[in-house]
*Asks:* 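Before we start, here is the structure in question, set down as C-alpha cells.
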Amino acid sequence: MSLHPVLTAVTERVITRSAGSRRAYLDLIAREGENGISRPRLACGNLAHAIAASEGDKQGLRAARGMNVGIITSYNDMLSAHQPYGRYPDQIKLYAREVGGTAQVAGGTPAMCDGVTQGQPGMEISLFSRDVIALSTAVGLSHGMYEGVAMLGICDKIVPGLLIGALRFGHLPALLIPSGPMPSGLPNSEKQRIRQLYAEGKVGKDRLMDAESESYHAAGTCTFYGTANTNQMLMEVMGLHLPGSSFVPPNTKLRQELTRAAIHRLSEIGARGDDYRPLGLCVDERAIVNAAVGLLATGGSTNLAIHLPAIARAAGIVIDWSDLDRLSSVVPQLTRVYPNGSEDVNAFHAVGGMPSLIGSLLDAGLLHPDILTVARGGFAAYRNRPVMRDDALVWEEAGPSTDESILRAPANPFRADGGMKVMEGNLGRGIYKTSAVASERWTIEAPAAVFDDQEDVLRAFRDGKLDRDVVVVVRFQGPAANGMPELHKLTPTLAVLQDRGHKVALVTDGRMSGASGKVPAAIHIGPEAYVGGPLSLLRDGDMVRVCAHTGRIEAMVDAAQWTDRTPARPPAPQFGTGRELFALMRGGVDSPERGASAILASMDRMAAQENA
C-alpha cells in the first residue's frame, strides 16, 4: 500500500527542517568511521591496558580479527527491570566467541527508577539522569576498542540516554537488548482503586503496601504501558531490537536465545562485512517518524514527547510537537493497555503484540517500510514473532490480533486519532494525552488553584480546599526550575475529586508519569514559569479553560490586566539528595519540545560557533 499522504508530508517537513544538521551529523560519523579512534590505531600501550584483564580473549583482541562488542550496561539489582542484566555480559561474551568475536563491558550507566523516586526529592534529578546516561555511554565508547555496541537498558530515561550517547558514535552498528516484563500481578485497575482509597483515608498504609507489592513483585519491567514499555515499543518500531523481542519475559529460554541471536546479528552488520548497518544510518528521518507513529498508535507515554526530539537531535534530526499533532490526526489508536485500558503488556504481547501492530500499520501505509533496521530482511521482518521450535529460535508471521479488546487493526480502531494534542493559548504551549481521558472531560472550565509545590496540592486536598470544580496549576516544575519532575503522585488525589463529580484538570510545566491517565492534564507547558512564562502570571481564582477539542489552554483574564501582572517569584532552589550537583544542567537546559537536554543544547551552541 502507498504511504499515507500526511505521513509523507510530515516526513518531508522533518527532512527539510533537518537538512543542515543532518548533513553535519552524517559528515561527522563518516569521518569517525574513516579516521576516528579504533583498535588498529591504538598505540601498543593503549591496547595493552585495554586487554590486560581479558584472559582467554587476549589474542583475539590483539589481532583485531573479529568484532569486539562494547557492552553498555544499566544493570543494578535494586530495580526489577535491570536486575536480569546481571548475567548478560558473561552470556554475551560466550555468544560473541561463537562467531569468532569478543565482548567487553565498555561501561555502566545509572538506571534510575521513577517508581522509586516518584513524589520524592530524587525525582528532581530524574530527567537529567538521561543526560548522565548519555555521557556515561560516550565515556565507555571513547576508548575506541569496539566495532559494535550492545546496549542493555529498558526503562524511562535509560533507553533514550543510551541511544543519545551511542548516536554520537553512529559509525558503529548498535542494537538494544531488552530484558522483558515481569509476570502479571495485581490488575492495574485494582492497584489504582486502592491508591484512591488510601488518598481518601479509607484504607491504611499496610493495605496500600500490600497492593503495591502485589503489583511490583518480580524481576522484569512493570507491566503497565508507561514510559519503560513505550521505550521498548519505540525501539522495535525503529528497527533497533530484533523482531518481536520487546515483551518476551526474562529468565526464559526464548529470552536467552534472543540475546544470543542479537549478538550473532551484531557481528554480521559491522563495517568489515558486506551488510554494514551503522546506527547513525538506521536512525534517520523515516525511523524517527515511524517512532512517532508507534507512540500515537499505542497511546504511549507523554514522556516520549520529550525523549523523541532529544533522540532525533542527537542524530541531527529536528522533530517537534506540531509534527506529533499532525500525525495524531491520522494515526488511529490501536491498543487498549493500562492506563488506556484494563489489560497489561503481557496480554498485549500474547494477542499479537508488536509484530501484529507493525504488520497492520505497514498494510495501512502508516509506517515507512524501507527503514534500515538491525534485522536481516529489513522492516518486513518485524511482522514476525520469535518462537522456539525443536529447541531452536525461529520467526513466524504473527498475523492479525487474536483479541480485538486489546489490539485492533487500523480499519477498526479504538479511536480515529492518536490521542496526543498540542495545546496552545495565553498560558503557553504544551501536550495533552487525550487517549486516556473520557471525551466528556476534554473541556474543563473552572477557577484555578495555583501551587508552586505538589505537596501543597496534597495538603490543600486534605484540608478540603479542593473539593469543587478546579483547575489545579502546579508551576515552577520545568527543567530550568527543578529538573521537571513527574507529578504522578497527584493522580490518585485528582482522580478522587473527579470521581466525586467535580470538573477537574491539571495544568503544569512539569511532567506526568507514563502511567497517568483519566484526569485531563495539559503538561510540559512552556515557556516554563521559572523563566517568566505565562503560568507565572496566574493567580488563585482566575478562570481557566482547558479544551482538548480546540487545543486551547487559556486564562480567561482581561488582556490589559494580564499584561500588567508581575510574574510570581520562583521558589528558592533546593539542596539535598544531590540536587545541587545538577545546577549546571538546570542552568543550561532548553525547552521540553527540543528535548530538555543541557548536553544537547551545549552541543548545538558549539556547532553554531564552529559554523559562524
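Position 1 is the first residue of the sequence; numbering continues from there. In what follows, every heavy atom counts, from backbone to side chain, and hydrogens, waters and symmetry copies are set aside.
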*Asks:* Is there a side-chain contact between L304 and N231 in this structure, where contact means two heavy atoms from C-beta onward sitting under 4.5 Å apart?
*Replies:*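 Yes; the side chains approach each other to less than 4.5 Å.
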*Asks:* Counting distance only, does the side-chain N/O of S602 pair as donor-acceptor with the main-chain N or O of A598 below 3.5 Å?
*Replies:*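 Yes, S602 side chain to A598 backbone: donor-acceptor pair under 3.5 Å.
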*Asks:* Please test E343 against V337 for side chain to side chain contact (heavy atoms under 4.5 Å, CB included), starting from the C-alpha separation and ending with a verdict.
*Replies:* CA-CA 5 Å; E343 300 294 343; V337 184; 5.7 Å; no
*Asks:* Can a donor-acceptor pair be found, under 3.5 Å and without considering hydrogens, that links the side chain of S301 to the backbone of G226?
*Replies:*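 Here the side-chain-to-backbone pair does not exist.
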*Asks:* Counting only N and O atoms by type, is there a donor-acceptor contact under 3.5 Å from the side chain of R22 to the main-chain atoms of S18?
*Replies:*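 Not a single qualifying donor-acceptor pair exists.
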*Asks:* Under the rule for salt bridge (charged side-chain N to carboxylate O under 4.0 Å, His left out), what residues qualify as partners of R336, not counting sequence neighbours?
*Replies:*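 Scan of R336 (salt bridge (charged side-chain N to carboxylate O under 4.0 Å, His left out), adjacent residues dropped) gives none.
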*Asks:* Hey, is the main chain of A381 close enough, under 3.5 Å, to the side chain of W395 for a donor-acceptor pair?
*Replies:*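 A pair under 3.5 Å: no.
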*Asks:* Taking only residues at least two apart or on different chains, which pairs with a member in residues 134-145 satisfy salt bridge (Lys or Arg N to Asp or Glu O under 4.0 Å)?
*Replies:*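 Qualifying pairs, neighbours excluded: none.
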*Asks:* What's the shortest heavy-atom distance between M585 and D131, and which atoms?
*Replies:*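 That would be CE-CB, 3.8 Å.
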*Asks:* List for me each residue that meets salt bridge (charged side-chain N to carboxylate O under 4.0 Å, His left out) alongside D370, sequence neighbours excluded, and say none if there are none.
*Replies:*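 Salt bridge (charged side-chain N to carboxylate O under 4.0 Å, His left out) list for D370, sorted by chain: R286.
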*Asks:* Checking D390 now: which residues fulfil salt bridge (charged side-chain N to carboxylate O under 4.0 Å, His left out) with it, not counting sequence neighbours?
*Replies:*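 D390 satisfies salt bridge (charged side-chain N to carboxylate O under 4.0 Å, His left out) with no residue once adjacent residues are dropped.
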*Asks:* How would you list all residue pairs meeting salt bridge (Lys or Arg N to Asp or Glu O under 4.0 Å) that involve residues 102-114, not counting sequence neighbours?
*Replies:*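 Salt bridge (Lys or Arg N to Asp or Glu O under 4.0 Å) check on residues 102-114 returns D114-K157.
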*Asks:* Which pairs count as ring pair (Phe, Tyr, Trp, His ring centres under 6.0 Å) when at least one residue sits in residues 81-108, sequence neighbours excluded?
*Replies:*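 Ring pair (Phe, Tyr, Trp, His ring centres under 6.0 Å) check on residues 81-108 returns Y85-Y88.
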*Asks:* Taking only residues at least two apart or on different chains, which pairs with a member in residues 346-362 satisfy side chain to side chain donor-acceptor pair (under 3.5 Å)?
*Replies:*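 Residue pairs passing side chain to side chain donor-acceptor pair (under 3.5 Å), neighbours aside: S184-N346.
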*Asks:* Answer yes or no: is there a donor N or O on one side and an acceptor on the other, between the side chain of T252 and the main chain of R255, under 3.5 Å?
*Replies:*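 Present.
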*Asks:* Strictly by ring pair (Phe, Tyr, Trp, His ring centres under 6.0 Å), give each pair with a member in residues 127-175 just once, sequence neighbours left out.
*Replies:*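 Every pair satisfying ring pair (Phe, Tyr, Trp, His ring centres under 6.0 Å) with a residue in residues 127-175: there are none.
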*Asks:* For D325, check salt bridge (charged side-chain N to carboxylate O under 4.0 Å, His left out) against everything at least two apart and list the hits.
*Replies:*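 Partners of D325 under the salt bridge (charged side-chain N to carboxylate O under 4.0 Å, His left out) test: none.
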*Asks:* Counting distance only, does the side-chain N/O of S401 pair as donor-acceptor with the main-chain N or O of L407 below 3.5 Å?
*Replies:*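 Side chain of S401 to backbone of L407, a donor-acceptor pair under 3.5 Å: yes, one is there.
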*Asks:* Quick one: does any side-chain atom of W321 pair with a main-chain N or O of A305 as donor and acceptor, under 3.5 Å?
*Replies:*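 It does hold such a pair.
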*Asks:* Give a yes or no answer on whether the side chain of R313 reaches the backbone of R594 with a donor-acceptor pair at less than 3.5 Å.
*Replies:*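 Pair found, side chain donor or acceptor close to backbone of R594.
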*Asks:* Not counting sequence neighbours, list each pair that qualifies as a side chain to side chain donor-acceptor pair (under 3.5 Å) and has a residue in residues 97-107.
*Replies:*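 Residue pairs passing side chain to side chain donor-acceptor pair (under 3.5 Å), neighbours aside: S54-Q104, D57-R97, N68-T102, N68-Q104, E98-R260, E98-H264.
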*Asks:* Is there a donor-acceptor contact under 3.5 Å linking the side chains of E236 and S246?
*Replies:*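 A donor-acceptor contact under 3.5 Å links the two side chains.
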*Asks:* Listing request: all salt bridge (Lys or Arg N to Asp or Glu O under 4.0 Å) pairs with a residue in residues 34-48, at least two apart in sequence or in separate chains.
*Replies:*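 Counting only pairs at least two positions apart or across chains, the salt bridge (Lys or Arg N to Asp or Glu O under 4.0 Å) contacts touching residues 34-48 are R39-E147.
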*Asks:* Ion pair present between D590 and R605, side-chain N to carboxylate O less than 4.0 angstrom?
*Replies:*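 No, this pair does not count.
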*Asks:* Should T373 and L240 count as side-chain neighbours, where that means a heavy-atom distance under 4.5 Å?
*Replies:*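 No. Closest side-chain heavy atoms not under 4.5 Å.
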*Asks:* Show which side-chain atoms of residues 173-182 pair as donor or acceptor with protein atoms under 3.5 Å away, not counting sequence neighbours.
*Replies:*
| unit_1 | atom_1 | unit_2 | atom_2 | d |
| --- | --- | --- | --- | --- |
| S179 | OG | A81 | O | 2.8 |

*Asks:* What residue among T73, L152, D90 forms side-chain contact (heavy atoms from CB on, under 4.5 Å) with V105?
*Replies:*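 For V105, the side-chain contact (heavy atoms from CB on, under 4.5 Å) test succeeds with only one of T73, L152, D90, which is T73.
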*Asks:* Are D344 and Y225 side-chain neighbours, meaning at least one heavy-atom pair lies under 4.5 Å?
*Replies:*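 Sidechains of Y225 and D344: no contact.
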*Asks:* Just by modelled atom types, is the G316 backbone N or O under 3.5 Å from a matching donor or acceptor in the S21 side chain?
*Replies:*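 Judged by distance alone, yes, a pair lies under 3.5 Å.
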*Asks:* So do the side chains of Q333 and L296 get within less than 4.5 Å of each other, counting heavy atoms only?
*Replies:*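 With C-beta onward as the side chain, the pair stays apart.
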*Asks:* Please tell me if the side chains of L167 and I311 come closer than 4.5 Å, counting only heavy atoms from C-beta onward.
*Replies:*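 A side-chain contact under 4.5 Å exists here.
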*Asks:* Start with the C-alpha distance between Q232 and F247, add both sets of side-chain angles, then the distance that settles side chain to side chain contact (heavy atoms under 4.5 Å, CB included), and finish with yes or no.
*Replies:* CA-CA 8 Å; Q232 301 315 299; F247 302 120; 3.9 Å; yes
*Asks:* Just wondering, are more than 12 heavy atoms of other shown residues or ligands nearer than 6.0 Å to CZ in R62?
*Replies:*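 No - once you tally the heavy atoms of other residues, nucleotides and ligands closer than 6.0 Å, there are 12 at most.
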*Asks:* Check for a donor-acceptor pair, side chain of D323 on one end and backbone N or O of D320 on the other, with a separation under 3.5 Å.
*Replies:*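 Flag set: sc D323 to bb D320 pair under 3.5 Å.
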*Asks:* When you look at R326 and S329, which way does the side-chain hydrogen bond (donor to acceptor under 3.5 Å, both in side chains) test go after all the steps?
*Replies:* CA-CA 5 Å; R326 191 171 181 193; S329 69; over 6 Å; no
